Amino acid sequence: MTGTPDSMRAIESAVAEKYKYGFVTDIAAESAPPGLSEAIVRFISAKKDEPEWLLDWRLKAYRLWTTVQEREPTWAKVQYPKIDYQDACYYSAPISDADRPKSLDEIDPQLLATYEKLGIPLKEQEVLAGVAVDAVFDSVSVATTFKGKLAEMGVIFCPISEAVREHPELVRRYLGSVVPYADNFFATLNSAVFTDGSFVYIPEGVRCPMELSTYFRINAANTGQFERTLIIAEAGSYVSYLEGCTAPMRDENQLHAAVVELVAFDDAEIKYSTVQNWYPGDENGKGGIYNFVTKRGACRGRNAKISWTQVETGSAITWKYPSCILQGDNSVGEFYSVAITNNRQQADTGTKMIHIGKNTKSRIISKGIAVGRSDSTYRGLVRILPGADNARNYTQCDSLLIGEQCGAHTVPYIESRNRSARIEHEATTSKIAEDQLFYCRQRGIGEEDAVALIVNGFCREVLQELPMEFAVEAQKLVGISLEGSVG
Amino acid sequence: MLEIKNLRVVVDDKEILKGLDLTVPAGEVHAIMGPNGSGKSTLSYVLAGRDGYEVRDGGVTYLGKDLLAIMPEQRAREGVFLAFQYPVEIPGVGSATFLKTAVNAVRKHRGEKEFDALEFLKLVRAKREALGISEEMMRRPLNVGFSGGEKKRNEILQMSLLEPRLAILDETDSGLDIDALKVVADGVNALRREDRAIVVITHYQRWLDYIVPDSVHVLSEGRVVRSGGKELALELEQNGYGGIGLQAGAAV
């Protein structure tokens, strides 16, 4: 009986709002010619003045990749036309290498304006005080803030290309030690052509005094972004790291194949949070980022802890399974995930918890929200190896469906080879109840805001794991992602 | 303030309200009593704008406007408040967060400045203390795990913050023990105002000892069959619905 003109208007304005971050920055970019070949791999390595060992490693990866092309994974519940890897660009720097900015003052004001639009102030004195930002714009890290302060404590936080030059022994020891170049199709591709990313090293016993943060943005057309992040937490250290991602609106699909490796030693803790808002494509599924990412952490020491928190609202396709290898006795792995898909988005995401050490514990909390004609899949593996006495896992997968044409799927794999293991799995699928919506509306809250409020409540367990500064942003992002969801 | 004329409402192909007439002027409290199934809750949902209630005939005028043509959230912003018989649980959404969102939505509509978190907590403190609501309760997810009494107190707290022109209290007395009954009634009485109309839906005359109405209407089979002063409730208490020519539950 309630008239629909208002809700129609709400939908129209939501649709008109479109993708808030879809602006293109017009700056002179220096790109490699499109296509992938040994020459391109050598070009990238030469651009970055890399040592011989790294070029060799890239070439090994490239050669493997050319032989495994047919092994592009097909098991995920996502559909997309075959990617022409020769059509993409594998290197794009916002300005020529020789003029790389040395400080914020030298950065193209238009680029800074871009960051401002994204809501990430680069200036140290600004609101994000307490947050050190390493901003990766297309392929080159543009600026890293707070470096000086961190250096005093022995913390290294810099673009990985810089780490290759300044701390080659560390990079060489750990690069590929958690995600080897032969790990999977996309990781192999990344190993051959990765252009930049962050490097973090926390020395023994140091508690990193601030959140470390990276902002990734794909700007140039036809550019793949292949960043590589490596975080090492020595014994007794702690670090919380956050990455945020956006990309401008483009009709063609863009590939993002990142690799993140985490290493935690005795009593060390790494908290890794992601707020992913890559361009998701339009209402009809045109354009958007293919987000094919390999993230894995190794708890190498006793009592080590690695915690992944992700809020995934963007990308046309998400293929991502941040995982933990629980090697050290008593080590702990956690995975907290919110994945929202709207319109034609597809997400196949989850985690792997590999229990190797004794008394290892893992906890998985996954919240999938599917809207429109989207598909959301949780895919997870809990594997208990024979030596993992008293391993424990708790998994909770909740799916929320909004509308009639979306899908939610849960694909949990559990393999236990130790009788003392305790594994719990809970899963629910629900819809937003009509009485909840009506209750909110009776209190004056508009339908879209009511949906956002209820969904935020549904995701609360995950959102509260985010560092405080970003929890509020993430809540707003949840609301934005759901726009157009009611009608 | 509120004028209902010949209202006919169908739910799931069944006619529940069969030509209901009711007028409630500003500044008055009107009680609506009646056996189960007489249409009391249907009336409250129709006024609030819930989906699934099909108006076949008649109309409702609220402050001179056609109430039925307005979206539910818009009605709320224009001052229509329903205290739910069964307040709804919203997991993960803190009570204070929910309340702030609602109050700011209404303030925005009125062109008033929205409250920030601090201002809001200050405003809430005074109001919640009068209703015996703890700060801890405000932090809990809305209505989740609340006792019956807590839920009803929370409804009245919302009413006091949203400052409606027309408040409909749907069996707010049900599930309350005698102490809570008094606290909640005091809360409601404190909200009686010259420019505010309150409709109290109840089964029990006892509730009307605490919230003394200006008028009492008896609803049966989807119509108001008798109206009178507060003494009508007493008459019902003594003689039952049968005593005024109605079978209790006859309309089910």
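Being a predicted model, the structure only gives us computed values, none of them experimental. Chain letters run A, B, ... following the sequence lines, proteins first and then strands; every chain starts at 1.
- Proximity to chain A is absent for every atom of B/Glu78, based on heavy atoms less than 4.5 angstrom apart.
- Residues A/Glu434 and B/Arg50 have side chains in contact (heavy-atom distance under 4.5 Å, counting atoms from C-beta outward).
- A heavy-atom distance below 4.5 Å is found between the side chains of B/Ile90 and A/Cys440.
- Taken from CD in A/Gln442 to CD1 in B/Ile168, the straight-line distance is 7.5 Å, to the nearest 0.5 Å.
- Of the atoms belonging to B/Pro87, heavy atoms from both backbone and side chain fall under 4.5 Å from chain A.
- Contacts classified as side chain to side chain donor-acceptor pair (under 3.5 Å) and involving residues 363-372 of chain A (residues at least two apart or in different chains) are given here: A/Tyr336-A/Arg363, A/Lys367-A/Asp398, A/Lys367-A/Glu461.
- Counted within 6.0 Å of NZ on B/Lys113, heavy atoms from surrounding residues, nucleotides or ligands total more than 12; the atom is thus considered enclosed.
- Across B/Ala48 and A/Phe438, no two heavy atoms sit closer than the pair CB-CZ, 3.7 Å.
- Taking every heavy atom of both residues into account, B/Arg77 and A/Ile445 meet most closely at NH2-C, 4.0 Å.
- Within the model, atoms CG of B/Leu142 and CG of A/Leu453 stand 9.0 Å from one another, a figure rounded to the nearest 0.5 Å.
- B/Glu73 and A/Arg443 are not joined by a salt bridge, as no carboxylate oxygen comes within less than 4.0 angstrom of a charged side-chain nitrogen.
- No close placement of the B/Tyr86 and A/Tyr439 rings is indicated, their centers lying 6.0 Å or farther apart.
- Along residues 103-110 of chain B, the residues that come nearer than 4.5 angstrom to chain A, judged on non-hydrogen atoms, are B/Ala105, B/Val106 in order of number.
- Within a 6.0 Å radius of CG in B/Asp116, other residues, nucleotides and ligands contribute more than 12 heavy atoms.
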Verdict with supporting geometry, A/Arg441 and B/Arg75, side-chain contact (heavy atoms from CB on, under 4.5 Å):
CA-CA 9 Å; A/Arg441 296 176 77 189; B/Arg75 295 184 199 188; over 6 Å; no
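- The residue among A/Gly446, A/Ala433, A/Gly444 with the most heavy atom pairs within less than 4.5 Å of chain B is A/Gly444.
- Contacts of A/Cys459 with chain B are absent, with no heavy-atom separation under 4.5 Å from either backbone or side chain.
- Enclosure of atom NZ in A/Lys361 is not indicated, since only 12 or fewer non-hydrogen atoms of other residues, nucleotides or ligands lie within 6.0 angstrom.
- Between B/Val93 and A/Arg460, every side-chain heavy-atom pair lies at or beyond the 4.5 Å cut-off.
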